[in-house]
There are 4 protein chains.
Amino acid sequence: MVTGSSSKPQRRGNTRQRIQDVTLELIAEQGYEKTSLREIAERLGVTKAALYYHFKTKEDIVVSLFTDLMTPIDDLIAWAKEQPPSLETKREILTRYSLALVGAAPLFRFMHENQATMRELSIGENFKGRMQELIAYLPPEDATLTDRVRCISALFSMHAGMFVLQDDESDPEERRKAVLEVATDLIVQAHRHGG
Amino acid sequence: MVTGSSSKPQRRGNTRQRIQDVTLELIAEQGYEKTSLREIAERLGVTKAALYYHFKTKEDIVVSLFTDLMTPIDDLIAWAKEQPPSLETKREILTRYSLALVGAAPLFRFMHENQATMRELSIGENFKGRMQELIAYLPPEDATLTDRVRCISALFSMHAGMFVLQDDESDPEERRKAVLEVATDLIVQAHRHGG
Amino acid sequence: MVTGSSSKPQRRGNTRQRIQDVTLELIAEQGYEKTSLREIAERLGVTKAALYYHFKTKEDIVVSLFTDLMTPIDDLIAWAKEQPPSLETKREILTRYSLALVGAAPLFRFMHENQATMRELSIGENFKGRMQELIAYLPPEDATLTDRVRCISALFSMHAGMFVLQDDESDPEERRKAVLEVATDLIVQAHRHGG
Amino acid sequence: MVTGSSSKPQRRGNTRQRIQDVTLELIAEQGYEKTSLREIAERLGVTKAALYYHFKTKEDIVVSLFTDLMTPIDDLIAWAKEQPPSLETKREILTRYSLALVGAAPLFRFMHENQATMRELSIGENFKGRMQELIAYLPPEDATLTDRVRCISALFSMHAGMFVLQDDESDPEERRKAVLEVATDLIVQAHRHGG
DNA sequence: TATGAATGAGTCTTCATTCAT
DNA sequence: TATGAATGAAGACTCATTCAT
């Protein structure tokens, strides 16, 4: 993504980055196991062996991707932990989550669409845990089953909404807002009864 | 015709079925590409070649699974087409969908969690198309973007709700009802504004 | 080839024949190893197992084909053995050979085009031996190397001529005559010098 | 650059070559489909995977063999195109062809004996086309069918002559000359009548 | 006279990974 | 900071063959 400041064909120091970028692009499209190192290397114009200079294993490349992604989510969780469990806080959680979602759309998309793979990718549980933690902040105390479902839906329908509408003709930012509105409504309702 | 009282490898007409069962079990757990024919065969106590007697390819096994699953959904779509586009109809669509969902939970789970794989599985588009058709029946005429999102969420949060709560201690049927309630609420709201 | 005298779908007694016919057709086109029993069976509308009722092995089917073919050649050899080694006899050998060639064109074509396969087909040496025996009758005594080549060419250019011209627009019988004429010329020449 | 004095597996740039050599040797003897990559690899003391480092497919190995072979024939065709269609030119075509034939005898032998395989080897048509082009240069204008056959025979009896006499006790170069003489005679005759 | 079901050996091919240079 | 050459393990698939029915 860094577009380099030198004028030469940028090929110094940024290889690691480029590997990550290409890998993300490919696995988002084809999945993890369908994406081979050969393919990644070819697209970069380097040898497979070169990948091994920068990363220890194939899994490592992907893990590095997710580690970068986790940061904003960890921040969000840390922030949530500090706040009072007010409805306002929860709205803010959703808002921030929606922003993280657009910020790393391909990655989220990958996770959303490749959960089976995630499970074996060592970060799998890792991420699932994060999500559950996040969900835990949403429902009111002693929520009914229905209201807990509402909160789960709030989070996941953001995924669904964004990915299904991906090729919609609507404006991305409008889309994010619409999706956020629906999610917010869901937790508001969860609080109306429970509260 | 003897229903097998001996201890020898029971050679009955059920092998095809058993292949399907084991395959579903395995791909639901590990994903499609991580599941090898060797593994399937081993678990069944037959040779890989035996699988090829019953199915033409690995993909074929999985496709056969989905073809069976498609029927109830096709029925649902056919039924929906005949009904007036009333709110009542839409509620019923969701209800029936929720029932299909529990009826073929592992399969739906697989689809939900392996969309990247689905895309290359020839039934992929197939199923995506079904879903879109189904979604098309839900929103009111001239729905706002937000209301369209609500309808999408209605359908997909049923998936999310069921699979996230999968290991919950709550009763499955109660869960289905909770999930259905949330989904129904979503389309009711979509109609309140739009209508 | 027997077109049956009954009016029912001819399916009694002639299966063996049909297997041979289809097999010949397929191996002539694709070669021996590329032609699978599955393919043969499918084309006949029977199971692979059925083939094994009629023949002991795949090789057996092909061998049976050649055994049938060998008869005219053996007859020819037997006949040649009885004749005086006159030029006239040699002409007659070529003529008879040319007739055998059209009579079993696909089979000869197969042999001509799949000599590597023939070598492992147990009839291989078998046939090669026949050919050499036949060739042995052609040259005059104490022929020069060149004249021996002429005799070899006489026989083989009949193959070449027939198969290369196979799709020519010319009349088959005319073709045979042309090819025969060239072959005859060759042995006549072989005798002009040597004789 | 060290030309290998140690006993260790000599890892030099010659592996590609060696693969080609061994492959030619094996397919010439057993045919294409009977020759497995396992066999080739074993004989070379490498793994099958190593073959795939050097060639994309099994077919590719063989194709590479033929591509090398094609060059002299293409040169011959190119040369023929420039010459006047005199009898002298045609003699020269045959002479050069006979030299190409000894230069790549095993390969020609393979082609000659495995035409069915050739047909599926993507270079098949390729080569057949070359031969037809070459043949097209030989007959006089408005040749009779018989004379066309003579020209075809001229070319093909060179194959036949060389391969049948392969194990003859005669001297290879003498053999080539004998075969060439017969072929030349054939086109001379084709011109005597037609001219 | 055939079939349904299965097997064992083998095919080509791909992959992630390694290591000397 | 990379590459050239190779490996070992595994993958999907095909084939000729068998045998109880």
Side-chain angles (χ1 to χ4, degrees), chain A residues 11-16 33-41 44-61, chain B residues 1 8-16 33-41 44-61, chain C residues 11-16 33-41 44-61, chain D residues 1 8-16 33-41 44-61:
Chain A
R11 194 181 273 168
R12 191 54 141 274
N14 63 342
T15 301
R16 206 189 132 91
E33 23 269 308
K34 274 265 171 187
T35 302
S36 69
L37 293 185
R38 178 173 57 60
E39 207 176 352
I40 296 173
L44 282 167
V46 296
T47 16
K48 272 183 291 172
L51 305 182
Y52 280 88
Y53 179 80
H54 294 282
F55 297 92
K56 257 184 33 206
T57 66
K58 181 187 179 188
E59 187 169 339
D60 233 50
I61 303 180
Chain B
M1 303 281 166
K8 292 273 183 68
Q10 28 161 172
R11 291 211 188 172
R12 274 212 329 302
N14 61 343
T15 302
R16 205 191 135 93
E33 25 271 304
K34 273 268 169 186
T35 303
S36 70
L37 293 184
R38 180 179 51 67
E39 205 176 354
I40 297 174
L44 282 169
V46 296
T47 34
K48 270 181 292 170
L51 306 183
Y52 280 92
Y53 178 77
H54 294 281
F55 296 92
K56 264 195 2 226
T57 63
K58 181 187 177 186
E59 183 168 343
D60 226 51
I61 303 180
Chain C
R11 192 180 277 167
R12 192 51 144 278
N14 62 341
T15 300
R16 205 189 133 92
E33 23 270 308
K34 273 265 171 187
T35 302
S36 69
L37 293 184
R38 177 171 58 59
E39 206 175 352
I40 297 173
L44 282 168
V46 296
T47 17
K48 271 182 293 173
L51 305 183
Y52 279 88
Y53 179 80
H54 295 280
F55 296 93
K56 258 182 34 205
T57 67
K58 181 187 179 187
E59 186 169 338
D60 232 51
I61 303 180
Chain D
M1 303 284 168
K8 292 270 182 70
Q10 23 155 185
R11 290 210 187 173
R12 272 211 332 301
N14 62 342
T15 304
R16 206 189 133 94
E33 23 272 306
K34 273 269 170 186
T35 302
S36 71
L37 293 184
R38 180 178 51 65
E39 206 177 353
I40 296 173
L44 282 168
V46 296
T47 35
K48 270 180 293 167
L51 306 183
Y52 280 91
Y53 177 77
H54 294 280
F55 296 93
K56 265 193 8 224
T57 62
K58 180 187 178 186
E59 183 168 342
D60 227 51
I61 303 179

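Every chain is numbered from 1 and lettered A, B, ... according to where its sequence line falls, protein lines coming before strand lines. What's counted below: heavy atoms across the whole structure, side chains too, no hydrogens, waters or symmetry copies.
Base pairing analysis places F:dT21 opposite E:dA2; the two distances defining the Watson-Crick or G-U wobble pair are each below 3.5 Å. Taking a pair to require two hydrogen-bonding distances under 3.5 Å in either a Watson-Crick or a G-U wobble arrangement, E:dT7 pairs with F:dA16.
The side chain of A:Ala50 lies closest to F:dT3, out of E:dT13, F:dC13, F:dT3. Of the candidate nucleotides E:dT14, F:dA12, F:dT3, E:dT14 has the atom nearest to the side chain of D:Ala49. You'll find that the side chain of C:Tyr52 is closest to F:dT18, out of F:dA12, F:dT18, E:dT13.
If you take CD of B:Glu59 and C1' of F:dC13, they are 14 Å apart, rounded to a whole angstrom. Straight-line distance from the NE2 atom of C:His54 to the P atom of E:dT1: 7 Å, rounded to whole Å. For the pair C:Lys48 NZ and F:dT17 P, the interatomic distance rounds to 11 Å; values are reported in whole Å. As rounded to whole Å, 11 Å separates atom P of E:dC12 from atom NZ of C:Lys34. Atom NZ in B:Lys58 sits about 4 Å away from atom P in F:dA12, given to the nearest Å. When rounded to the nearest whole Å, the span between CD1 of C:Ile40 and P of F:dA16 equals 8 Å. Remark: C1' of F:dA12 and CD of B:Glu39 are 14 Å apart, rounded to the nearest angstrom. Atom OH of B:Tyr53 is separated from atom P of F:dA20 by 17 Å (rounded to the nearest Å).
Between E:dT14 and A:Ser36, no contact under 4.0 Å exists linking OP1 or OP2 to a side-chain N or O. Not one side-chain nitrogen or oxygen of C:Thr15 sits closer than 4.0 Å to the OP1 or OP2 atom of E:dT1. Regarding contacts with the backbone of E:dG8, every side-chain N or O of B:Thr47 stays at 4.0 angstrom or more from both OP1 and OP2. Proximity of A:Arg38 to the phosphate of E:dA16: no side-chain N or O atom is located under 4.0 Å from OP1 or OP2.
Shown here for D:Leu37 and D:Leu51, the closest heavy-atom pair between the two residues is O-CD1, 3.6 Å. Shown here for D:Thr57 and D:Tyr52, the closest heavy-atom pair between the two residues is CA-CE2, 4.1 Å. Of all heavy-atom pairs spanning C:His54 and C:Arg16, the tightest one is O-NH1, 3.5 Å. When all heavy atoms of A:Glu39 and A:Lys34 are compared, the pair lying nearest together is OE1-O, 3.8 Å. Heavy-atom minimum distance, C:Lys58 versus C:Thr35: NZ-O, 2.9 Å.
Remark on DNA chain F: of its neighbouring residues B:Thr35 and D:Leu51, the 5'-side contact belongs to D:Leu51, judged by nearest-heavy-atom nucleotide.
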